[in-house]
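Reading through the structure tokens given below for one structure.
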Amino acid sequence: MSILVQFAIGLMFGLGLVIAGMSDPAKVLNFLDLGAIPTGGWDPSLAFVLGGAIAVTFIGFKLVLRRAQPIFGGTFHLPTATDIDARIIAGPAIFGVGWGLAGFCPGPAFTALTTGGAPALIFVVAMLLGMGSARWLASRPVRLAPQAT
């Protein structure tokens, strides 16, 4: 049953992205083009989509975390680390650069696979390769430099 609920939620999320136009990389790139503000070519609609997502997430977390446990799981899996390391800085930076260059982020890229043609497919393949590479690199044991004697 839980897989059906998760599928329905994912489908609703994807439909929301398509309806909001976020599966179109030009929409994202037009938001990021702040130089177009004086000419009227800047598109602020992404800010409203992001603001709506933040509001829904904020309210959702407040409601869900009041529960003793999740509906479809035994326990909540919340992050416990609070330190800021190179991975915390590099990951979002790479994500932001990729989003700014391609106009896609993961959710809209998957929805764009249905209508976005080759650019969406190339992005999703590159994204999956990057995610796999990052996971592989993170799982490698850390080798310490030999101590000088």
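- Under the 4.5 Å side-chain criterion, counting only non-hydrogen atoms from C-beta, Val28 is not in contact with Phe104.
- Counting only residues at least two apart or in different chains, side-chain hydrogen bond (donor to acceptor under 3.5 Å, both in side chains) contacts with residues 27-48 comprise Lys27-Asp43, Lys27-Ser45, Asp43-Ser45.
- Nearest approach of Ala109 to Ala120, heavy atoms of both residues: O-CB, 4.3 Å.
- Put simply, Leu34 and Leu32 are part of the same group of oily side chains (I, L, V, M, F, W, Y) that touch within less than 4.5 Å, one to the next.
- By the side chain to side chain contact (heavy atoms under 4.5 Å, CB included) test, Leu29 pairs with no residue at all, sequence neighbours left out.
- By the criterion of side-chain heavy atoms lying less than 4.5 angstrom apart, applied directly or through intervening Ile, Leu, Val, Met, Phe, Trp or Tyr residues, Ile37 is grouped together with Phe31 in one hydrophobic cluster.
- Closest approach of Pro25 and Ala102 over heavy atoms only: CB-O, 3.4 Å.
- Atoms CG and CD1, on Asp83 and Ile88 in that order, are 7.5 Å from each other to the nearest 0.5 Å.
- Note that CG of Asp24 and CG of Leu17 are 12.5 Å apart. Values are rounded to the nearest 0.5 Å.
- Between the Thr57 side chain and the Ile54 main chain, no donor and acceptor come within less than 3.5 Å of each other.
- A 6.0 Å sphere centred on CG of Leu63 holds more than 12 heavy atoms belonging to other residues, nucleotides or ligands.
- Atom CD1 of Ile94 is separated from atom CZ of Arg87 by 11.0 Å, given to the nearest 0.5 angstrom.
- The SG atom of Cys105 sits 7.0 Å away from the CZ atom of Phe123 when rounded to the nearest 0.5 Å.
- Tracing side-chain contacts under 4.5 Å through hydrophobic residues (I, L, V, M, F, W, Y), one reaches Leu128 starting from Val125; they form part of the same cluster.
- Here the shortest heavy-atom pairing between Ala20 and Val49 reads CB-CG2, 3.8 Å.
- Of all heavy-atom pairs between Phe72 and Ser2, the closest is CD2-CB, 3.2 Å.
- With a 4.5 Å cut-off on side-chain heavy atoms, Val64 and Phe76 count as touching.
- Between Leu11 atom CG and Gln6 atom CD the span is 13.5 Å, to the nearest 0.5 Å.
- Under the 4.5 Å side-chain contact rule for hydrophobic residues, Leu15 and Leu46 do not share a cluster.
- Hydrophobic cluster membership differs between Phe7 and Met12, with clusters built from Ile, Leu, Val, Met, Phe, Trp and Tyr side chains linked at under 4.5 angstrom.
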Item to complete: Decide yes or no on side-chain contact (heavy atoms from CB on, under 4.5 Å) for Ile71 and Val5, but give the supporting numbers first.
Response: CA-CA 11 Å; Ile71 295 171; Val5 172; over 6 Å; no

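- To the nearest 0.5 Å, atom CE of residue Met127 and atom CZ of residue Phe110 are 3.5 Å apart.
- In the displayed structure, Phe61 atom CZ is contacted under 6.0 Å by at most 12 heavy atoms of other residues, nucleotides or ligands.
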